[in-house]
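A short worksheet on the structure shown next.
Nothing here was measured: the structure is a model prediction, and the numbers come from that model. Naming: A, B, ... by sequence-line order, numbering from 1 per chain.
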Amino acid sequence: MTVVTRFPPSPTGSLHIGSARTALFNWLYARHHAGQFILRIEDTDRKRSTKEAVESIFDGLTWLGLDWDGDATFQSQKIERHAAVALDLLDRGMAYKCYCTPEELEAMRAKARAEGKPVFYDRRWRDRNPDDAPQDIPFVVRIKMPLDGETTIQDQVQGDVTIANEQLDDFIILRADGTPTYMLSVVVDDHDGGVNHVIRGDDHLNNAFRQLQLYRAAGWSIPEYAHIPLIHGADGQKLSKRHGATSVQEYRREGFLPEALLNYLLRLGWSHGDDEVISTDQAVSWFDLDTVGRAPARFDLEKLESLNAHYLREGGSQTVIDGVIACLREKHGIIVDTTGRQRIELALPHLAQRAKTLIELSATAVFLIQAPSFPLVERKAQKILVNGGIEVLRNIQDSLVEINAWNPDTLEATLRARAEELELGFGKIAQPLRAALCGSTASPGIFDVLVILDRDESLARLQRAVEQE
RNA sequence: GACCCCUUCGUCUAGUGGCCUAGGACAUCGCCCUUUCACGGCGAAAACACGGGUUCGAGUCCCGUAGGGGUCACCA
């Protein structure tokens, strides 16, 4: 049997980080078993669904590299099929018409709540004679749930979970306006789509019992279930806006790499021994449901950052360079030319050790493109120059100008020799030089900077630093 | 409130009855490296929620308590 998993987001906002993890687990499971991963947009809530949200979901998944098989489907296009299933259930006596008004239902719920009983519909129309039915009043269709006994779900993550059937109410499958409800639509779509593994957040665990009965009523085979724990914010509460970024796009904008986000999300609730850095390929071959934990995990930005820093260092690819260039343009208004790009390529291995995100990385790359202007804006750096730094620079300028073999070794030999002649600690030379070339007190190693900037640019910057009053 | 789920360092986790004096990672602290900031290396501090069982032996199994979470729509 081919494994078929699905990711069914409702397009009411941009791709949520928690949804992304659900998508990842489904994707991984399908890929691991050489199965299919399908994407279904659950847009039956017309009022809240937007086109932008659909785009955001496609965009987010694509960015993460979570590719789906076939075209995405839209639930709203299947409502006739869903309604037909409901009517069929009605014909076969598995469901019935209910004429209660919303007000009646609310009163019912209030009463149940007050009595400490399960809050639900009291089935008053379940066995009522159809002849009693009021004419010309809209009805909803409710499914008949078993009245006694119990139902157990064999969940791949949660284990066997059993519930008393009296906890299950005759929920609505077809609204008064003839449209299907979510509970019906998912089941029909999953069945029609051949979905045989349902991996989703454990906020759906309770729904599984209801859906299971629907499968039975329809006479369809029941999928394997795996309810994975939710991600919580740092305070242990459900992850929401007030915890900062919640959409994958926001993480992208803040300079995170997709592989870092994927790796982080994967480790939230899933483990493979002591492994921490796991590539997507490894994840595909290792992933399985039995190593998914059952406790909710808190989102820890610092760990994500550390993973991101790792991928920034290891990656060193063209994508990272493109990312830096894009950041430079967006955040600093800097357009990078060919020379600039070359410098960034040369500097990347050095810069990457000093950044946790693309944003930070690009901030440290600014000096490569934009020469510092004097006096320096960074106060500490300017202080170094003013407090004797310029004198030191004047003293080493000639030695630098004389160097033709502009490479790290020669540069180092020359500058260290000069430091000794001047009886200065090497830092006394390096820091003013750094301030002059980078406009900052922190940068890659000074010889690397000299080489990356190249001879002409380095000497020009040095000259300008020396000339200032 | 009812029902369901969960509980190992601050956080993510390893652990499937003896290999646990409880391991790793992030964060924290210290030392080393050093031209700055980093990276890196070494080291430290830091956890089995509590109470009962079962067992020769429990972080691992069972029960209870406490705490946390989720669900209770003509939303998905």
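At a threshold of 4.0 Å, the pair A:R461-A:E457 counts as salt-bridged, since one of the basic side-chain nitrogens sits closer than that to a carboxylate oxygen.
In the set B:G70, B:U36, B:U13, the nucleotide with an atom closest to the side chain of A:L230 is B:G70. The A:S271 side chain lies nearest to B:A14 when the options are B:A76, B:A14, B:U35. Nearest nucleotide to the side chain of A:E276, out of B:A25, B:U13, B:A76: B:A25.
Annotation for A:Q282: atom CD counts as buried by contact number, over 12 foreign heavy atoms lying within 6.0 Å.
Applying the 4.0 Å criterion to OP1 and OP2 of B:C74, one finds that A:T181 has every side-chain N and O outside that range. Residue A:T44 places at least one side-chain N or O under 4.0 Å from the OP1 or OP2 atom of B:A76.
Nucleotides B:G15 and B:U8 are separated by 14 Å at their P atoms, to the nearest Å. Taking atom P on both nucleotides, B:A45 is separated from B:G10 by 15 Å, rounded to a whole Å. Taking atom C1' in both B:U34 and B:C12, the straight-line distance is 33 Å, to the nearest Å. With both ends at atom C1', the span from B:G24 to B:G18 equals 22 Å, rounded to whole Å. Look at the C1' atom in both B:C48 and B:C9: the space between them is 10 Å, to the nearest Å. If you take atom P in B:C74 and the same atom in B:G69, they sit 26 Å apart, rounded to whole Å. Rounded to the nearest Å, the gap between the C1' atom of B:C20 and that of B:U28 is 25 Å.
Residues forming a side-chain hydrogen bond (donor to acceptor under 3.5 Å, both in side chains) with A:T291 (at least two apart in sequence, or on another chain): A:W270. A:I38 is linked by a side-chain contact (heavy atoms from CB on, under 4.5 Å) to A:V4, A:R6, A:V195, counting only residues two or more places apart in sequence or in another chain. Here A:N165 pairs with A:T151 under the side-chain hydrogen bond (donor to acceptor under 3.5 Å, both in side chains) rule; sequence neighbours left out. The side-chain contact (heavy atoms from CB on, under 4.5 Å) check on A:R294 picks up A:V157, A:Q158, with sequence neighbours excluded.
Counting non-hydrogen atoms under 4.0 angstrom, A:C98 reaches nothing in the nucleic acid. At the heavy-atom level, A:H350 lies nowhere under 4.0 Å from the strands shown. Among the heavy atoms of the strands lying under 4.0 Å from A:R109 are primed sugar atoms or P, OP1, OP2 only; no base atom is included. Within 4.0 Å (heavy atoms only), A:G445 reaches at least one base atom of the nucleic acid. Contact annotation for A:G269: backbone-only contact, meaning every heavy-atom pair under 4.0 Å involves sugar-phosphate atoms and none involves a base. As judged by a 4.0 angstrom heavy-atom cut-off over every strand, A:E305 is placed among residues making no nucleic acid contact. Nucleic acid contact class of A:N207 (heavy atoms, under 4.0 Å, all strands): base. Using a 4.0 Å heavy-atom distance criterion, A:S306 is classed as a sugar-phosphate-only contact. Using a 4.0 Å heavy-atom distance criterion, A:P444 is classed as a base contact.
Atom OG1 of residue A:T44 and atom CD of residue A:Q77 lie 12.0 Å apart, to the nearest 0.5 angstrom.
Each of A:L261, A:L265, A:T280 was evaluated against A:L64; a single residue qualifies, A:L261, per the side-chain contact (heavy atoms from CB on, under 4.5 Å) test.
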Under 4.0 Å protein heavy-atom contacts per nucleotide of nucleotides 1-11 of chain B, with B for base, S for backbone only and - for none: BSSSSSS---S

Which protein N or O atoms sit under 3.5 Å from an N or O of nucleotides 40-44 of chain B?
from	atom 1	to	atom 2	distance (Å)
B:G40	OP1	A:R313	NH1	3.4

List every contact pair, protein side and nucleotides 58-61 of chain B side both N or O, where the distance is under 3.5 Å.
none

Name the pairs: protein N/O against N/O of nucleotides 18-23 of chain B, kept only if under 3.5 Å.
from	atom 1	to	atom 2	distance (Å)
B:G23	N2	A:D274	OD1	2.7

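Following rounding to the nearest Å, A:L348 (CG) and B:C39 (C1') show an atom-to-atom distance of 14 Å. For the pair A:E103 CD and B:C74 P, the computed distance is 12 Å after rounding to whole Å.
Annotation: A:F299 is in aromatic contact with A:Y264 [ring centroid separation under 6.0 Å].
Between the side chains of A:D160 and A:T152, no donor-acceptor pair of N or O atoms lies under 3.5 Å.
For the pair A:R124 and A:Y121, the cation does not sit on the ring face, since its NZ or CZ is not both under 6.0 Å from the ring centre and inside 45° of the axis.
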Can you list the steps and then say if A:E378 with A:T441 is a side-chain hydrogen bond (donor to acceptor under 3.5 Å, both in side chains)? CA-CA 8 Å; A:E378 198 178 304; A:T441 53; 3.1 Å; yes

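Pairs of residues two or more places apart, or lying in two chains, that qualify as salt bridge (Lys or Arg N to Asp or Glu O under 4.0 Å) and include a residue from residues 197-212 of chain A are A:D169-A:R210. Screening residues 159-181 of chain A for ring pair (Phe, Tyr, Trp, His ring centres under 6.0 Å), with sequence neighbours left out, gives no hits. Screening residues 421-440 of chain A for salt bridge (Lys or Arg N to Asp or Glu O under 4.0 Å), with sequence neighbours left out, gives A:R418-A:E421.
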Could you list the donor-acceptor pairs under 3.5 angstrom formed by side chains in residues 176-188 of chain A, with sequence neighbours left out?
from	atom 1	to	atom 2	distance (Å)
A:D177	OD1	A:T179	N	3.0
A:D177	OD1	A:T179	OG1	2.6
A:T179	OG1	A:R175	NH1	2.9
A:T181	OG1	A:I172	O	2.8
A:Y182	OH	A:H204	ND1	3.4
A:S185	OG	A:H82	ND1	3.0
A:S185	OG	A:T181	O	3.2

